[in-house]
Amino acid sequence: MDKLIITGGKQLSGELRISGAKNSALPILAGALLSETPVTIGNIPHLHDITTTMELLGRMGVQLIIDEKMNIEIDTSTIKNFEAPYELVRTMRASILVLGPLLARFGSAHVSLPGGCAIGTRPVDIHLDGLAKMGADIKVEGGYILAQAKRLKGANLVMEKITVTGTENLLMAATLAKGKTVIENAAKEPEVSDLAHFLNKMGAKITGIGTDILEIDGVDQLGAKDLHYNILPDRIETGTYLVAAAMTGGNITVKNTRPSILDAVLEKLKEAGAEISTGDDWIKLDMKGKKPQAVSVRTAPYPAFPTDMQAQFTAMNAIAEGVAVITETVFENRFMHVQEMQRMGADIQLESHNAICKGVEKLAAAPVMATDLRASASLVLAGLVAEGDTMVDRIYHIDRGYDHIEEKLAQLGAKIRRIPN
Ligand code: EPZ
């Protein structure tokens, strides 16, 4: 497995461009299954999860043409099966997102249960309950979801928990259901809204976008001539590089991004002492060479502080001035990065869902291991400020969600290299 070696001590400065959002591209690529006509999706990030999704759709018989600008044309007219096999689903849980579209348009889906992952059990019970309420016949056998439905019917769905992909699956299913569906307690993440806008461009009738009540009037078919839809910028990638600059006392400008969907993160970076200025599609962060102040954060569904930024702020607090508490309320086991940072000299105490961080003067380089996507990114950030060469192993987690991370960090002055295995 590839490793990353980071030599700490460099202050980051310069500019970089943000890629399209992974968590927007994945549901939108699945949503293309709903379209009678070919659709083109632009601003697709160059990530392993995208490759996995293309393989998943390709195996169904869907035609995919990708160009050098990472635009993907998707034509479902040759689809021949409605399968999502375990060998692909276990590498990418988000494969569950083909369930709603396959059921809604083709009336059949055979999708492996995604199973848990390092950060939690990750059940999909809310996805399945919602589809059953829409009239689907759902069986779970041999680790697979077998779903059938002549035609889904609209329903009133109250989500017992706020679930991003649960909302997305049911939203996609509702677009072709007979009648009206109302989804209450819907997730409001910007990636959910991006999917909804894409579906409406294909002829869906969704209102309440951006709120926790989505109303969908089902239509008989979806499609639009020459539809080209660009994915929104990745707010978590943006936040990750801003934290990297804040940790190193640096000064960077992030371009091709969207400040308006990062309010909670930008507020916390200002609290940490960063000078932040923004335009429509850029963010400038300047620490004036200072160390960050420790900041307490509590993760929760959008628009509150995102759980996908928790590990990065834990890394920042590890070397910040003062003491702060990081509280994780979304996932049950999302502190695996802490023990790795403790091996680098971080003073962090775990108490249930809280990480009490006492900033230390310096971290010491050490061989560390990544366990999930954002934890691995946080270890790279820790390496940027550690004395010596930090080796981060199992970085396939990083390649799932960060487009060319070492090139982007090197562009900002970091000393980082990949050791292929
Ligand atoms: C999405 O995962 C993201 N993934 C995650 O990003 C992100 O961390 C998460 O939302 C929270 O924002 C994609 O969008 C592809 P959830 P998702 O369903 O939808 C419970 C990353 O780093 N739940 O919102 O799987 C669940 O256990 C990844 O890019 C049920 O109980 O998360 C969790 O405690 C990691 N039953 C909570 O809801 C269900 O049927 C929120 O999970 C579904 C979820």
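Ligands are counted one by one from 1 in listed order, and the atoms in each one are counted from 1 as well.
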| Judged by modelled atom types alone, do R93 and T165 share a side-chain donor-acceptor pair under 3.5 Å? | no
| query | Between K255 and E15, is the closest basic N to carboxylate O distance under 4.0 Å? | reply | yes
| message | Could you tell me if Y229 and D194 have a donor-acceptor pair between their side chains, going purely by distance under 3.5 Å? | response | yes
| field | Pocket residues of ligand 1, ordered first by chain and then by residue number (heavy-atom cut-off under 4.0 Å) | value | K22, N23, R93, A94, R122, P123, V124, D125, I126, H127, K161, I162, T163, V164, T165, T307, D308, V330, F331, R334, L373, R374
| query | How many angstroms lie between CD1 in I326 and CG in N317, if you round to the nearest 0.5 Å? | reply | 4.5 Å
| Cut-off 3.5 Å, side chains only: do T314 and Q310 have a donor facing an acceptor? | yes
| field | Aromatic plane relationship, F313 with F305 - under 30° parallel, 30 to 60° tilted, over 60° perpendicular | value | perpendicular
